[in-house]
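Read the structure below first, then the notes.
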Amino acid sequence: MRSISILGSTGSIGKQTLDVVKRYPEEFKVLGLTARRDHSNLIKQALEFKPQKVALLDEQSYLEASNQLSGSGIEVLKGEQGINEIASMDGVDTVLTSTVGFSGFIPTISAIEAGKNIALANKETLVVGGDLITKLAESHGVSIIPVDSEHSAIFQCMVGEQEKDISRIILTASGGPFRGYSLDDLKGIGPDQALKHPNWDMGAKITIDSATLMNKGLEAIEAKWLFGLRTEQIEVVVHPQSIIHSMVEFIDGSIKAQMGIPDMRLPIHYALSYPQRIEGDYPRMDFREPFQLDFEPPNLKTFQNLHLAFEAMKKGGNLPCVLNASNEIAVQGFLERKLDFLGIPRVVENCLTKLDHIEKPGLKELLATDQETREVAKDLIN
Ligand code: NDP
Ligand code: MG
């Protein structure tokens with residue numbers, strides 16, 4: 001029996017994780033759940049899964065949940081401190097991080113310092129501070145197991161292999177809803193069109209990141225830290241069917257690929273069961289009907305975010321943190337209709353040139369970089 005806490009249980013990954021837990025009650029038990037403000041879903045989840053503790057970031061939502069859960073025996077915590085307490089609570093083996101953006105960074109540090117293994121969905125944590133997080137995990141002897149489907153694929157291809165034998169990894173990208181569009185075609189795009197992803201049903205921020213291809217850029221940086229790679233070893237290929245979740249090429253030229261239908265419960269199930277495989281009853285691939293797998297190179301001229309992410313990764317230091325913070329603000333601006341679609345890479349590029357490059361940032365510098373970038377990005381939008 002694995003005991004887990006889920007940070008961001010009311011989101012897309014959080015709910016799918018609870019679905020996995022519900023299907024396999026003999027294998028997994030939930031001890032802690034957190035949300036930002038969706039108290040009604042958090043309360044429902046708490047009553048069904050009976051964790052020891054829950055936490056809400058928002059004060060009003062916390063009061064609501066405290067009221068409704070009084071007498072249930074479930075402790076309700078509030079604010080960032082409450083979330084950090086759930087990230088580090090006794091009795092938990094694995095913390096699944098599925099909050100969105102920078103908000104996952106500090107709780108992940110708390111979890112690692114408390115000796116918890118991390119099932120990592122919140123890729124932004126490794127983008128912000130991959131060097132710091134991976135060293136911290138190493139020094140505390142905890143594992144970071146990827147939940148992101150591409151990284152789960154690479155991780156599964158790596159079982160029985162050694163990192164030194166990787167020649168390159170090939171991250172697959174669906175291409176998003178605007179695959180094949182020209183820069184001109186992207187001019188009038190609004191949130192309604194960008195929020196429609198062809199293959200995956202996800203939270204708003206990652207859906208926009210998938211439409212701009214920033215998601216693949218963030219994933220490249222995530223892969224660099226998870227698998228100890230150099231920028232030149234990371235490639236992206238557009239594969240619209242999202243059946244091959246990613247590939248690893250080894251020094252002898254052989255390539256391993258991991259495939260399956262696009263269903264995030266599979267990588268979640270794997271991350272929670274690793275190093276075992278636990279039987280799963282999810283829908284399976286059907287090879288009785290003919291189907292095709294297509295591959296094409298990404299268009300870096302149209303999807304400039306992907307290029308910007310690789311540049312930030314190459315230069316390193318605090319620049320991936322700048323990339324992440326500026327992208328978060330730009331995506332929010334786009335969703336609020338204050339910024340057009342092509343304004344997103346414009347804001348990111350501007351921030352990457354405006355902010356000072358710190359080559360070896362510590363925690364203090366990363367927190368300051370995040371804050372400063374947000375201010376600069378907001379000024380650019382307003
Ligand atoms: P959602 O927006 O659906 O869910 C986010 C969750 O985090 C919600 O529980 C939300 O609470 C909570 N949350 C949001 N902001 C904060 C904050 N500032 N502090 C604390 N909690 C917060 O996101 P997804 O589930 O789609 O994505 C989560 C992470 O997983 C992202 O990093 C994403 O890149 C990654 N990921 C997602 C995939 C997917 O298929 N969805 C696939 C691979 C990776 P509330 O509901 O109260 O707002
Ligand atoms: Mg992914």
Side-chain angles (χ1 to χ4, degrees), residues 5-19 32-45 54-62 64-65 77-84 86-87 96-108 110 118-128 146-155 171-176 195 197 199-210 213-223 226 236 239 242 244-246 258 262-268 271 324 327-328 331-332 335 370 374:
S5 279
I6 306 171
L7 309 183
S9 63
T10 52
S12 157
I13 292 289
K15 286 180 183 158
Q16 293 181 83
T17 304
L18 284 173
D19 184 61
L33 297 174
T34 80
R36 177 176 43 175
R37 63 170 81 95
D38 184 357
H39 55 82
S40 60
N41 264 314
L42 191 75
I43 291 165
K44 269 192 224 141
Q45 293 175 344
V54 300
L56 280 144
L57 184 69
D58 175 70
E59 167 98 28
Q60 203 52 44
S61 311
Y62 154 78
E64 194 68 42
L77 306 168
K78 82 168 164 189
E80 285 173 8
Q81 203 186 334
I83 294 176
N84 284 329
I86 301 238
L96 189 132
T97 64
S98 56
T99 64
V100 67
F102 182 83
S103 70
F105 185 55
I106 297 294
T108 304
S110 303
I118 306 295
L120 183 111
N122 178 249
K123 64 193 86 186
E124 294 93 337
T125 284
L126 286 183
V127 176
V128 170
V147 166
D148 215 344
S149 56
E150 296 76 2
H151 306 74
S152 177
I154 295 164
F155 192 83
L171 290 172
T172 51
S174 71
L195 282 169
H197 195 277
N199 302 348
W200 301 95
D201 182 13
M202 312 178 285
K205 195 246 173 194
I206 183 175
T207 306
I208 301 302
D209 286 347
S210 299
L213 290 204
M214 178 57 94
N215 183 50
K216 216 45 60 179
L218 300 177
E219 289 185 354
I221 301 172
E222 179 186 12
L226 281 172
V236 172
H239 164 47
S242 299
I244 292 197
H245 296 307
S246 279
Q258 187 267 346
D263 181 340
M264 282 308 296
R265 292 173 304 177
L266 287 168
I268 293 169
N324 177 67
N327 180 59
E328 281 191 43
V331 169
Q332 194 186 333
L335 287 171
D370 179 73
R374 282 167 198 271

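Remember, it's 1-based here, ligands and their atoms both numbered in the order they're listed. Sequence positions, counted from 1, serve as the residue numbers for this chain.
- Nearest protein neighbour of atom 3 (O) of ligand 1, counting heavy atoms only, is Ser12 N, 2.9 Å.
- With atom 21 (N) of ligand 1 as the reference point, the heavy atom nearest to it among Thr99, Val100, Thr17 is part of Thr99.
- The residue from His197, Gln16, Met202, Lys123 that puts a heavy atom closest to atom 34 (O) of ligand 1 is Lys123.
- Within the listing of ligand 1, atoms 25 (O), 30 (O), 37 (C), 38 (C), 39 (C), 40 (O), 41 (N), 42 (C) sit less than 4.0 angstrom from a heavy atom of Ile13.
- Counting heavy atoms of neighbouring residues, nucleotides and ligands inside a 6.0 Å radius, atom CZ of Arg265 exceeds 12 of them.
- By the 4.0 Å N-to-carboxylate-O rule, Glu150 lies too far from Lys123 to be salt-bridged with it.
- In this structure, the separation between CD1 on Ile13 and OG on Ser98 is 6.5 Å, given to the nearest 0.5 Å.
- Here the side chains of Thr125 and Thr97 are not in contact, with every heavy-atom distance at 4.5 Å or above.
- Annotation: the span from Met264 atom CE to Asp201 atom CG amounts to 12.0 Å, rounded to 0.5 Å.
- Between Gly101 and ligand 1, not a single N/O pair is under 3.5 Å apart.
- Remark: ligand 1 atoms within the under-4.0 Å shell around heavy atoms of Leu57 are 17 (C), 18 (N), 19 (N).
- Heavy-atom contacts of Ala121 reach the following atoms of ligand 1: 30 (O), 32 (O), 35 (C), 36 (N), 44 (C) (cutoff under 4.0 Å).
- A distance of 8.0 Å separates CD in Glu124 from OG in Ser103, rounded to the nearest 0.5 Å.
- With respect to atom 6 (C) of ligand 1, the closest heavy atom belonging to the protein is Ser98 O, 3.5 Å.
- Looking only at protein heavy atoms, the nearest one to atom 9 (O) of ligand 1 is Thr10 OG1, 2.7 Å.
- For the residue pair Ser242/Asn199, the side-chain donor-acceptor check at 3.5 Å is satisfied.
- Residue, atom and distance of the protein heavy atom nearest to atom 26 (O) of ligand 1 are Gly203 N, 2.8 Å.
- Residue, atom and distance of the protein heavy atom nearest to atom 43 (C) of ligand 1 are Asp148 OD1, 3.1 Å.
- Inter-residue side-chain proximity for Glu80 and Ile106 is flagged as unmet; no heavy-atom pair is nearer than 4.5 Å.
- A salt bridge does not link Lys15 to Asp19: none of the charged side-chain nitrogens sits closer than 4.0 Å to a carboxylate oxygen.
- Checked against the Mg ion (ligand 2), the N, O or S atom of Glu219 at the shortest distance is OE2.
- Atom OD1 is the N, O or S atom of Asp148 at the shortest distance from the Mg ion (ligand 2).
- By the criterion of a heavy-atom distance under 4.0 Å, the side chain of Glu124, and not its backbone, is placed next to ligand 1.
- At a heavy-atom distance under 4.0 Å, only side-chain atoms of Ser103, from C-beta outward, approach ligand 1.
- Between the side chains of Glu219 and Asn215, at least one donor N or O lies within less than 3.5 Å of an accepting N or O.
- Between the Mg ion (ligand 2) and the N, O or S atoms of Glu150, the shortest distance is to OE1.
- Close contacts of ligand 1 with Ser9, meaning ligand atoms under 4.0 Å from a residue heavy atom, involve 9 (O).
- Scanning the protein heavy atoms around atom 33 (C) of ligand 1, the nearest turns out to be Ile206 CD1, 3.9 Å.
- To the nearest 0.5 Å, atoms CD (Glu64) and CG (Leu56) are separated by 10.0 Å.
- Distance check, rounded to the nearest 0.5 Å: CD1 of Ile154 to OG1 of Thr172 gives 8.5 Å.
- At least one N or O atom of Gly11, backbone or side chain, sits closer than 3.5 Å to an N or O atom of ligand 1.
- You'll find the side chain of Ser9 reaches within 4.5 Å of the side chain of Leu42, heavy atoms only.
- If you look at Ser61 next to ligand 1, there are no close heavy atoms at all, none under 4.0 Å.
- Residue-ligand proximity, Met264 to ligand 1, at heavy-atom distances under 4.0 Å covers atoms 40 (O), 42 (C), 43 (C).
- Rounding to the nearest 0.5 Å places CG of Leu171 at 13.0 Å from NE2 of His245.
- Scanning the protein for heavy atoms near atom 22 (C) of ligand 1, the closest one is Arg36 CB, 3.6 Å.
- Summary of contacts: the protein heavy atom closest to atom 20 (C) of ligand 1 is Ile83 CD1, 3.8 Å.
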